[in-house]
Amino acid sequence: MKFSLLPKEYLFFDLFDQMAERATGAARCFKDFSIAGTFDHAAIEKMHHMEESCDEVTHEIIDRLNRTFITPFDREDIYSLAHEFDSVVDLIQAITNRMLLYKLDNAKNDDLIRFAELIERSVEHLASAVRGLRDLKQSAKISASCIEVNRLENLGDNLRDEVLSKLFDNASDPMHVIKWKDIYMEAETVLDKCEDVANIAASILIKQG
Amino acid sequence: MKFSLLPKEYLFFDLFDQMAERATGAARCFKDFSIAGTFDHAAIEKMHHMEESCDEVTHEIIDRLNRTFITPFDREDIYSLAHEFDSVVDLIQAITNRMLLYKLDNAKNDDLIRFAELIERSVEHLASAVRGLRDLKQSAKISASCIEVNRLENLGDNLRDEVLSKLFDNASDPMHVIKWKDIYMEAETVLDKCEDVANIAASILIKQG
Amino acid sequence: MKFSLLPKEYLFFDLFDQMAERATGAARCFKDFSIAGTFDHAAIEKMHHMEESCDEVTHEIIDRLNRTFITPFDREDIYSLAHEFDSVVDLIQAITNRMLLYKLDNAKNDDLIRFAELIERSVEHLASAVRGLRDLKQSAKISASCIEVNRLENLGDNLRDEVLSKLFDNASDPMHVIKWKDIYMEAETVLDKCEDVANIAASILIKQG
C-alpha cells in the first residue's frame, strides 16, 4: 500500500478535489432550485455553467493522464473515476433541463425536494470519498463514505417507489404521469450513478489494499 | 491456466455457490408469484428477505476480498461478478415491488409468466457458469452456459417486442400501457443484466485462458 | 508504445475493420429507412441481416481471443470493444423493430431523420477510430474521432430535449407521446453507446500511451 507520491501525482488529487467541489456545488444548486420550485432559463443557464466547469476538470484529468507516466492508481481507474463523477453532474443538469422542457418550471414539488436532498448528500459523500483517496491510510473513512452512498441509493429506490405509487394513485392526466415518472426515474438514476462512482472508489481501495 | 488452490481460495468458490443458490431461489420465487398472479405484501416481504440474503453473501465476498491476499482471479473480477450477480436479484425484487405499487398485484398475466420463465432459466445457467469457475478445466461447459444466457437474452428481446406490440394494439387506457410497458421493459432488463454477468464470467475465462 | 505486430495480431485489426464497415452499413441503412419513412417487414429483414453479420464478426473476434496467446491490446479491451461496438448495431436494429411494432412504419419524421444522421456520423467516426488502432502512431487522429463522437452525443442530448419539448407541447394523444418518446430516447441511447465505444478506444490509447 506504500508508494511514494511524486509532485506530479499530487496534481491528480488536486484535480479530484476540484471535481469534488464543483460536483457538490451542482448538487447543492439543484436542491436550491427544487426548494424554490424554479427551473427557469436563468436556472438552466447557471446549471449549464456548473456542468461545463466539471467538464473542464474532467478534460484536464484526462489530458494529464495522457502526458503523465506515473499515476497514483491504475490509469484506467483514474479515467473511469473522472468520467463517471462527471456523469453525475451531467445527469443533474439533464433533469434541470427536463423540468423546463416539460414546462414544470414553476412546479414546487416536495417529492422532488426529497430527491434533491438525497442527491446532495450522496454527492457530498462521494466528494469525501474522492478527496480521501489522497491518503489511503484513511481507507476506513473512504469505505464508510462509499457505504453511505450505497445506503442513500437504497433510500432513493424506496423514495422512487413511494412517489410512483402516489403518482399513479392520484393520476387523472396521463401526460402528467409521463412527465413526472420520467423526472423521478431520472432523479433516482443520479443516485445509481453516484453508487457507480462509489464502487469505482471502493475498487481502487481493493486493488491497493 | 494452472494455479494452486489454497484453502482460502476455496472460500470464494463456496461463497459464489451460495450466491448462485440464492439467486436461483429468487428467480424461482418470482416465477411462482407470476404463475399465481399474486404480488401482495407477503410476496414482497418474501422477496425482500431473499434479496437481503444475496446482499449478505455479496458483502461477505467483498469483505473477504479486502482481507485476502491471494485470490483465484483478479480481485476486480471477483468484485464485479459478485456485484452484478447481486444486481440481478435487485432487479427481480424491483419488479416485484413495482407490481404491487402499480396495483397489478392480482393481475395474472401470461406474458409476465413467460418473462419469469426466461429469467429463471437464465439465472439457472448463470448459477451453473459461476459454480463452474471452481474448475476452469471445464471451461467448455462454462462457455456453453454463458452462450445460453446470451441466447435467452435474445429471446427476451423478441418477447418484449411481441408483448409491447400486443399492448399497444389493444390499448385503450394509457395508464395501463404506461404500467405494463414499464414492467415488461424491467423484466427484459433482468435478462440484460444476466448477460452482463455471463460476460464477466466469460471474460474471466478469456483472461485465464 | 512499440510492439512487434505478428501476423496473428493483424487478424484482429482485419476483424475490427470488418466490424467498422458493417456497423457503418447498418447506420447508413437506418438513415435511409428514416428518410424514406419506411420501416416495413422488408426493412426489418434487411436490418436483421446486417445485425447478424456484425454478430458473426464479434463472435469471430471472441473466438480468436480464446485461441490466441499474443494480442495487440489487453484481451479484455478487445473483448469490450467488439462487444460494445456490436451493441451499437443491436440498438439500431431495436429501434427499427420498435418503429414497426408501434405501427409507425409509415411515419416520415424529420426529427427521426436528424437522429439518424447524427447516428450515421457517430458510427463513421467510431469506425475511423477503430480502424486507426492498427497504427497507434496516429493516436492524435484516433483521439480526434473519439472527441467527435463525444461531441455528437452532446448534440444528440440537445436534439432529444428539443424534440421531447415539441412532442409534449403538441401532444393530445398520450399513446402518440409514449411511442415517440420511446423512439427518441432509444435513438439518443445509440449515441450514448457510441460514446461508450469511443471511451474504450480512448482508454486503449491511454494504456498504450
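Protein chains get the first letters and strands the later ones, always in sequence-line order, with residue 1 at the start of each.
The CG atom of B/Leu205 sits 12.0 Å away from the CG atom of C/Leu65 when rounded to the nearest 0.5 Å. Note: B/Asn150 CG to C/Asp55 CG = 9.5 Å, rounded to the nearest 0.5 Å. With rounding to the nearest 0.5 Å, the separation of CG in C/Leu101 from CD in B/Glu162 is 10.5 Å. Here the CZ atom belonging to B/Phe168 is positioned 9.0 Å from the CG atom belonging to C/Leu104, to the nearest 0.5 angstrom. From C/Tyr102, atom OH reaches atom CG of B/Asp169 across 11.5 Å, with rounding to the nearest 0.5 Å. One finds the CD1 atom of C/Ile78 at 13.0 Å from the OG atom of B/Ser203 (value rounded to the nearest 0.5 Å).
Contacts between B/Lys166 and chain C at a heavy-atom distance below 4.5 Å are absent for every atom of the residue. With a threshold of 4.5 angstrom between heavy atoms, B/Asn199 approaches chain C through its backbone and through its side chain. Using a 4.5 Å cut-off between heavy atoms, B/Met175 does not touch chain C at all.
The shortest side-chain heavy-atom distance between C/Lys179 and B/Lys181 does not fall under the 4.5 Å cut-off.
Annotation: B/Glu21, atom CD; neighbour count of heavy atoms from other residues, nucleotides and ligands within 6.0 Å does not exceed 12.
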